[in-house]
2 protein chains.
Amino acid sequence: MKTSIAPSFNARRILSALRGRGVASRADLARDLQLTPSTVTRLTGDLIARGLIAERDEPIRTGQKGYPARLLELAPMGLCTAGVYLDPDRILTCLADSSGGVIVSEEVRAEDRSFETLMTEAAASIDRLVAQSGLDRARLAGCGVSYPGQYSEDPGRVMRIRQFDGWPEIDVQRDLSPFFGMPVSHMNDAKAACLAELYHGRARDLGNFCHVWLSYGIGGAAVVDQKPYLGRNNQAAEWGGLFPKSRPRPSGQDLLGMLEAAGVAVTRLSDIDASHLQLPVMREWTARAIDQLRWLCLVIARTYAPEAIIFGGTLHPDLLDEIVDELSGEAPLGEDFHFAAPPILRAEQDRMPQLGAAALPVHDVMGARMRADEARRGW
Amino acid sequence: MKTSIAPSFNARRILSALRGRGVASRADLARDLQLTPSTVTRLTGDLIARGLIAERDEPIRTGQKGYPARLLELAPMGLCTAGVYLDPDRILTCLADSSGGVIVSEEVRAEDRSFETLMTEAAASIDRLVAQSGLDRARLAGCGVSYPGQYSEDPGRVMRIRQFDGWPEIDVQRDLSPFFGMPVSHMNDAKAACLAELYHGRARDLGNFCHVWLSYGIGGAAVVDQKPYLGRNNQAAEWGGLFPKSRPRPSGQDLLGMLEAAGVAVTRLSDIDASHLQLPVMREWTARAIDQLRWLCLVIARTYAPEAIIFGGTLHPDLLDEIVDELSGEAPLGEDFHFAAPPILRAEQDRMPQLGAAALPVHDVMGARMRADEARRGW
DNA sequence: GCGATTAAATTGCATTCCAAAACAAAACGG
DNA sequence: CCGTTTTGTTTTGGAATGCAATTTAATCGC
């Protein structure tokens, strides 16, 4: 057994396969991943010793000759992480296990939007959750932080964004880790939410898909080979850019604007409830948004040709359901489709946006992609 | 020294770095690739022994202290490949060296478009080129075959396309290799042309870029981490799908249609010459195509956020130059660009489309990405 | 019931590839 | 001329895997 936290490349491929399949025997894994049984035995032994996966004790009786397969699965509490999501007007936090189960969660209203205040409040909330859950703090692999907004230049190090004016230029490792006392990673809200789908939701078994995140803005992510493709300045898959801000667009902010103009007293997305959904102004917005999003799906299908397009966000769930129902219905996306257009699916893990943030450390530790230090060493 | 043809993962990273930089010392490579000097010495020794790279004999006098760096570069004749491009009405073939130099090339008119005829003619042409060049046939690492058209389902194995009705369903390895007597790979024409830019052209030093290929149709490719991203059914980056066939579109076929309607006697793209370029109908088509392609650039910038967008094709070179000049000029792609839009560049290697095909075996052997069999073995 | 058969999982050994560190070589500069 | 500096080489050891032989536990057929 090794002492390092990070599993090796093929060990992560095994974790990834188990996530996609649910359960699998060592022999299954060897076949699927083109590894030798001996390698699988060794790596899974490692992973079991570390508590990341577990062997089911029930013997399976398939009626088949030969040694009965012993099924492996992810150990739910094998990798616990913390997540912090900063809304414009609230802080959402949670602790999550490796199967995407939210152990505890909390919502905090922030006094002001200064960097210090928000991070101090968020860290205090995580501390409360740790105490409340009785979890050993050392078992937390890391804390993910996500919030809406575009990155500025020099991605990774700096993240000044418009929503939080007055914030200093931030180096994730240097400025955030001290608050939380564990490794911290950061991503834009939509791309973090996409990770929640990749690791715990609708995209568990997909390698290439696109995610559309409808919140105050229109965000998104494209996953290529189980890895978010970021592009220059992390601007890839920022679908919102396809809808000019000078014109009506399918964003939550646009919806709130229409509601306000119609005299409906709603200023936050979280204040929209079932009673609003049948208002004429709401129907009008929805119909228009669906048309625009159908066009977006066409564009995504033609550019990324993903295995699926997944819709999620902080809009009212019924609204998102309706949008997906319409888009996945009969109306064709466009002309000249010689192959079926990608299926359009509803996100499963957007009820708690902080879960996306909590998926970030999972991605760092378990992502089945090759990391820089491994490319260097050649594994 | 190893006997296998394929260099190891880090050896391919070295080849890739040399392609991007032109020349580099071992110490440069160690710094850039985060490898130890010892590893670089060993791997480059291997590559030199195999003739893939060479050491410049001139000592470089930089006026700097210390052991003078000995520069390495790709050996031009280190990896020779064959390329076959099937146009609707001709066969283009070539032999190319590893720096993208075309050693010899040929154009053949085909009797008919049957699979047998075309492949027999193509193979005969390659044989002639080998004889003509005096190259040892065993030095050819492989033959790439490309032609326009969409793939059918089951990518990789099957490739029935519309342009060549009546072709059987084809398994690349089983059905093509016998004709050429060496490893054969296949890709759609636009995606192969993109490889020519990646390995020999404008994108030598880029990791992520998009390619737009203007020929009879509108093809393209998206490269992610120096690897073409194909998507479901190899339909990714098929930009043509964004322009419905029922309406005017910026394709060569559309241009020929307009010319015919205007009474200009031109039926093939290769027949368009400088005298046609100033015709009013030509100006009309160009102006409209540029508008449409500007919109395409906006879509690409918003979806892939590539480091660059590269335009190439079999349209008249002057026409392509004009399109790129216009698109990279002052007119903005769209609203709300908080970062500079990606630069729009002219392809360097589209004069001979068969060079794209010839780049396919190069990609197979030298691509600095991890191959399946390496993930399996873990190196 | 019991050996034959079959498939899964394990173990020891060889191989491949790379890192670390010590070492050697060539130029510059006082 | 000799120390300094930078480049490149050699040696040793470690990490991860594949291969082949072996062990284990179930079913099948007599």
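Throughout, a chain's letter reflects where its sequence line sits, starting with A, and its residues are numbered from 1. Every heavy atom of this structure was used, including side-chain atoms; hydrogens, water molecules and symmetry mates were not.
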Pair Thr81(B), Leu140(B) - check side chain to side chain contact (heavy atoms under 4.5 Å, CB included), show working. CA-CA 5 Å; Thr81(B) 59; Leu140(B) 289 178; 5.5 Å; no
Near DNA chain D, counting only heavy atoms under 4.0 Å, which residues of residues 16-25 of chain A show up?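 DNA chain D contact set from residues 16-25 of chain A: none.
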Taking the side chain of [X] as its heavy atoms from C-beta onward, which of [options] lies nearest to it?
X	options	result
Ala27(A)	dA8(C), dG18(D), dT10(D)	dA8(C)
Arg26(A)	dA8(C), dG8(D), dT10(C)	dT10(C)
Thr41(B)	dC19(D), dA19(C), dT10(D)	dT10(D)
Arg42(B)	dC18(C), dG18(D), dG8(D)	dC18(C)

Any side-chain N or O of Arg70(B) below 4.0 angstrom from OP1/OP2 of dT9(D)?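 For dT9(D), OP1 or OP2 has a side-chain N or O of Arg70(B) closer than 4.0 Å.
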For dC18(C), does OP1 or OP2 lie under 4.0 Å from any side-chain N or O of Thr39(B)?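 Checking Thr39(B) against dC18(C): no side-chain N or O falls below 4.0 Å of OP1 or OP2.
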Output all residues satisfying side-chain hydrogen bond (donor to acceptor under 3.5 Å, both in side chains) with [X], sequence neighbours left out; order by chain, then residue number.
X	result
Gln226(A)	Ser16(A)
Glu55(A)	Arg26(A), Arg70(A)
Tyr304(B)	none

Under the side-chain contact (heavy atoms from CB on, under 4.5 Å) test, residues paired with Asp205(B) that sit two or more places apart: none
Backbone N or O of [Y] within a donor-acceptor pair of the [X] side chain at under 3.5 Å?
X	Y	answer
Ser98(B)	Ala75(B)	yes
Asp28(A)	Ser25(A)	yes
Glu73(A)	Val23(A)	no
Gln349(A)	Ala193(A)	no

Output the rounded distance in Å from [atom1] ([X]) to [atom2] ([N]).
X	N	atom1	atom2	value
Leu33(A)	dA16(D)	CG	P	17 Å
Leu29(B)	dG8(D)	CG	C1'	12 Å
Glu55(B)	dA26(C)	CD	P	13 Å
Gln34(A)	dG18(D)	CD	P	10 Å

Expected rows: protein N/O vs nucleotides 1-6 of chain C N/O, under 3.5 Å:
| unit_1 | atom_1 | unit_2 | atom_2 | d |
| --- | --- | --- | --- | --- |
| dT6(C) | O2 | Gly66(A) | N | 3.0 |

I want to confirm an ordering. Mapping Arg31(B) and Ser38(B) to their closest nucleotides on DNA chain D, which one lands closer to the 5' end?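 With Arg31(B) and Ser38(B) compared, the 5'-side residue is Arg31(B).
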